[in-house]
K.L.:
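My structure is below; once you've seen it, I'll send some questions.
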Amino acid sequence: MSTQSKPDAGAALAETIADCPRCIKPQPLCVCDSVTQVPSRLSLLILQHPQEQDRALGTARLTALALQGRRS
């Protein structure tokens, strides 16, 4: 009997799902339509927790999308 491993269907599916260009989340998890933009006269520096780099949380990016105003 052969013990060849079958391709992981979940990994193949994940590769075919496109990411949203605004929030960088997979399209089924995109919440861009729900983001309410808030006008701001202040410039903010949004710091991202190092552990968030490894996860598709996107809270820093969503915060930046919600705040209108000066971009640098």
Side-chain angles (χ1 to χ4, degrees):
M1 283 191 128
S2 173
T3 58
Q4 292 179 343
S5 61
K6 294 181 181 178
D8 185 8
L13 179 61
E15 290 178 9
T16 61
I17 297 174
D19 290 340
C20 172
R22 290 187 69 214
C23 67
I24 316 297
K25 288 180 174 275
Q27 286 291 350
L29 302 177
C30 175
V31 293
C32 288
D33 292 340
S34 303
V35 174
T36 303
Q37 292 188 336
V38 179
S40 174
R41 293 183 296 158
L42 301 174
S43 293
L44 297 176
L45 173 64
I46 300 170
L47 301 177
Q48 182 179 26
H49 192 279
Q51 290 180 344
E52 190 174 340
Q53 295 175 25
D54 301 332
R55 297 192 175 110
L57 299 175
T59 54
R61 182 145 180 98
L62 288 173
T63 303
L65 290 172
L67 296 173
Q68 293 179 354
R70 295 183 282 166
R71 304 258 186 222
S72 50

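Numbers here simply count residues along the sequence, with the first being 1.
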K.L.:
Name each donor-acceptor pair under 3.5 Å that joins a side chain in residues 60-67 to protein atoms two or more places apart or in another chain, with its distance.
P.N.:
unit_1 : atom_1 : unit_2 : atom_2 : d
Arg61  : NE     : Arg22  : O      : 2.5
Arg61  : NH2    : Arg22  : O      : 2.8
Thr63  : OG1    : Thr59  : O      : 2.8

K.L.:
With sequence neighbours left out, what residues match Pro28 under side chain to side chain contact (heavy atoms under 4.5 Å, CB included)?
P.N.:
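For Pro28, the residues satisfying side chain to side chain contact (heavy atoms under 4.5 Å, CB included) (neighbours in sequence not counted) are Ile17, Pro26.
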K.L.:
Would you mind listing the cluster partners of Leu47? Hydrophobic ones only (ILVMFWY), side-chain contacts under 4.5 Å, chaining allowed.
P.N.:
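Noted: Leu47 shares its cluster with Leu45.
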K.L.:
Measure the spacing between CG of Asp19 and CD of Gln27 and express it to the nearest 0.5 Å.
P.N.:
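Here the interatomic distance stands at 7.5 Å.
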